[in-house]
Amino acid sequence: MAKPKLFITRELFDDVIKKLEQYYDVEVWDRYEQPPYEVLLQKAREVDALVSLLTDRIDCNLLQQAKKLRIVAQYAVGFDNIDVECATRLGIYVTNTPGVLTEAVAELTWALILAVARRIVEADHFVRWGEWYRTKTGWHPKMMLGMELRGKTLGIVGLGRIGSRVAEIAVKGFGMKVIYYDVKRREDLEKELGIEYRDLDQLLQEADIVSIHVPLTKETYHLINEERLRKMKRSAILINTARGKVVDTEALVKALREGWIAGAGLDVFEEEPLPPNHPLTAFKNVVLVPHIGSATYETRHAMAELVAENLIAFYEGRVPPNLVNPEVVKVRPPGFK
Ligand code: NAP
């Protein structure tokens, strides 16, 4: 039997590609920019398996035209770019890469919290562009004051894998009080870490730092809107390393402009890449990074290995370990037979 065809929408790691080549006839999109939708559509029509990124729009139109396609292995934990309901109906397996990126995203979340709370980027610019030198003052009791973390309250929105790791670091590392909001109570973690449940509006009123870790779904789209931002303390910081569309950007810009909140740290945006003239770039109290939550060597490689594991399991007729749509098994068994 000829090997099934696999299209990978961006360069992964050579050792992982080699591993996949033992099972699949692999084609890799080797340009830096993402494949245009038309290319994706064309490839999807030709192949049996696809590795997608969060920037690839895998909608129902594409899936319906992909008559041979049996599996979409997403190189991310979030999969809001894929019409999973449609894939399930068509018997197409969808997998993701949970767990392996938890540490990297939690660490970046803390990098942003510290950067905003201690004004790291602003302070760097102060030194780098000569402002410090121009003050002729080496040290001043009121220079670049920020927020201390010990004893403050961190509000986690979405206490899943990443949210709970961020909570653990807050409690064990920084001596913070942690409150959380999620669709379900996590009594195990409440006991283990001494954290407390709040409804979302209560959390927003109480927290000194609000950190978002929910997936993007119909329910979480603009979860943090104008009304909710107005509930936050004027001294509070908002951190988003989940998905840009969970926050209403226009409302956030208004909140920052009018001082309803004290600052923000953002890894994700409604529009990516963020244009350089975007209003968010004008605020000194906002730290912006380009969707690098999982961007460590260790994690990006582990994500690629997990993608391969899912594809190999499917090839061997096994249910992939990170199946997002388990109901698909009733529509079609795993494998290419
Ligand atoms: P996870 O373990 O699934 O955690 C998400 C948590 O949010 C779960 O407890 C989930 O509950 C809860 N939730 C879902 N819908 C909710 C709602 N409407 N209201 C309140 N809580 C809700 O996922 P994770 O691995 O921690 O990842 C979280 C998100 O981070 C991903 O979905 C992804 O979008 C984002 N992410 C970003 C980066 C980056 O590069 N910046 C990297 C990785 C992940 P249920 O389990 O009951 O649904």
Side-chain angles (χ1 to χ4, degrees), residues 10 52-56 74-82 84 94-113 115 155-170 178-190 193 195 197-204 207 210-225 228 238-247 264-270 272-274 287-304 306-307 321-326:
R10 224 66 51 82
S52 58
L53 268 57
L54 49 93
T55 42
D56 300 321
Q74 169 92 338
Y75 182 71
V77 65
F79 46 83
D80 43 273
N81 57 309
I82 304 172
V84 176
V94 179
T95 64
N96 67 342
T97 62
V100 291
L101 37 63
T102 299
E103 208 55 47
V105 183
E107 287 177 11
L108 186 85
T109 302
W110 277 101
L112 286 174
I113 293 174
I156 301 273
V157 180
L159 195 74
R161 285 172 293 253
I162 298 169
S164 53
R165 179 65 182 132
V166 172
E168 186 185 13
I169 296 171
V178 175
I179 55 179
Y180 77 96
Y181 165 72
D182 195 289
V183 274
K184 56 185 186 305
R185 286 283 289 267
R186 290 291 305 271
E187 278 161 20
D188 53 335
L189 287 173
E190 288 179 26
L193 298 174
I195 65 181
Y197 182 84
R198 296 285 189 275
D199 70 37
L200 182 56
D201 291 341
Q202 186 60 38
L203 177 143
L204 294 169
V210 174
S211 192
I212 301 170
H213 301 287
V214 285
L216 174 63
T217 62
K218 279 186 216 105
E219 292 74 35
T220 62
Y221 175 79
H222 284 190
L223 183 71
I224 306 300
N225 54 18
R228 295 225 161 94
L238 179 73
I239 304 292
N240 188 7
T241 58
R243 284 289 182 270
K245 288 182 178 149
V246 177
V247 177
L266 307 171
D267 180 41
V268 288
F269 305 89
E270 291 204 69
E272 293 180 3
L274 190 76
V287 175
L288 308 167
V289 290
H291 204 146
I292 53 169
S294 65
T296 66
Y297 291 108
E298 294 85 347
T299 287
R300 288 285 165 84
H301 190 264
M303 287 164 65
L306 211 48
V307 161
N322 307 112
L323 188 58
V324 163
N325 54 345

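Values in this document were obtained by computation on a predicted structure and should not be read as measured data. We count ligands from 1, going down the list as the structure has it; atoms in each ligand are counted the same way.
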Output for pair (Arg243 CZ, Asn81 CG), nearest 0.5 Å, gives 7.5 Å

Compute the shortest N/O to N/O distance between Asp80 and ligand 1 and return yes if it is under 3.5 Å, no if not.
no

If you scan protein heavy atoms around atom 4 (O) of ligand 1, the nearest is Gly160 CA, 3.2 Å

Can you find a non-hydrogen atom of Phe79 under 4.0 Å from ligand 1? no

If you scan protein heavy atoms around atom 40 (O) of ligand 1, the nearest is His291 CD2, 3.2 Å

Ligand 1 to Asp267, heavy atom cutoff 4.0 Å, flagged ligand atoms 39 (C), 40 (O), 41 (N)

field: Full working for side-chain contact (heavy atoms from CB on, under 4.5 Å) between Ile212 and Leu238
entry: CA-CA 8 Å; Ile212 301 170; Leu238 179 73; 3.9 Å; yes

OG1 of Thr102 to CZ of Arg165, rounded to nearest 0.5 Å, is 9.5 Å

Under 3.5 Å: donor-acceptor pair, side chain of Arg228, backbone of Leu204: no

In ligand 1, the atoms that come under 4.0 Å of a heavy atom of Gly158 are 7 (O)

Under 3.5 Å between any N/O of Thr102 and any N/O of ligand 1: does that happen in this structure?
no

Atom 46 (O) of ligand 1: closest protein heavy atom, distance to 0.1 Å, is Lys184 NZ, 3.1 Å

request  = Please determine if Ile162 has a nitrogen or oxygen closer than 3.5 Å to a nitrogen or oxygen of ligand 1.
outcome  = yes

Report the C-alpha separation of Tyr197 and Glu187 in whole Å, then their side-chain angles, then the decisive distance to 0.1 Å, and conclude whether the side-chain hydrogen bond (donor to acceptor under 3.5 Å, both in side chains) test is met.
CA-CA 9 Å; Tyr197 182 84; Glu187 278 161 20; over 6 Å; no

For atom 7 (O) of ligand 1, the closest protein heavy atom turns out to be Pro215 CD, 3.5 Å

re atom 48 (O) of ligand 1, the protein heavy-atom contact at minimum distance is Val183 CG2, 4.5 Å

**Request:** Apply the test side-chain hydrogen bond (donor to acceptor under 3.5 Å, both in side chains) to residues Thr241 and Thr109: give CA-CA distance (whole Å), side-chain angles for both, the deciding distance (0.1 Å), then the verdict.
**Result:** CA-CA 6 Å; Thr241 58; Thr109 302; 3.1 Å; yes

To the nearest 0.5 Å, atom CG of Leu54 lies from atom OH of Tyr75 at 10.5 Å

Rounded to the nearest 0.5 angstrom, the CD-CG distance for Glu272 and Asp267 is 7.5 Å

Query raised in the report: Judged by atom type as modelled, is there a donor-acceptor pair below 3.5 Å linking the side chain of Thr296 to the main-chain atoms of Thr299?
Result: yes

min-distance protein heavy atom vs atom 44 (C) of ligand 1 -> Val77 CG1, 3.1 Å

Atom 33 (C) of ligand 1: closest protein heavy atom, distance to 0.1 Å, is Arg243 NH1, 3.7 Å

Report task. Using non-hydrogen atoms of the residue, decide whether Pro98 is closer than 4.0 angstrom to ligand 1. Result -> no

N or O contact, Glu219 vs ligand 1, cut-off under 3.5 Å = no

- Close N or O approach (Thr217, ligand 1; < 3.5 Å): no

Counting N and O atoms only, with roles assigned by atom type, does the side chain of Thr220 sit under 3.5 Å from a partner on the main chain of Pro215, one being a donor and the other an acceptor?
yes

The reported gap from CG in Leu223 to OH in Tyr181 (rounded to nearest 0.5 angstrom) is 6.5 Å

Atom 35 (C) of ligand 1 has as its nearest protein heavy atom Ala242 O, 3.6 Å

Within the side chain of Gln74, is there an N or O that forms a donor-acceptor pair under 3.5 Å with the backbone of Gly78? yes

Ligand 1 atoms nearer than 4.0 angstrom to some heavy atom of Thr241 are 36 (N), 37 (C), 38 (C), 39 (C), 41 (N)

Counting from 1 in the order shown, the ligand 1 atoms closer than 4.0 Å to a non-hydrogen atom of Leu159 are 9 (O)

Under 4.0 Å from one or more heavy atoms of Ser294, ligand 1 contributes atoms 40 (O)

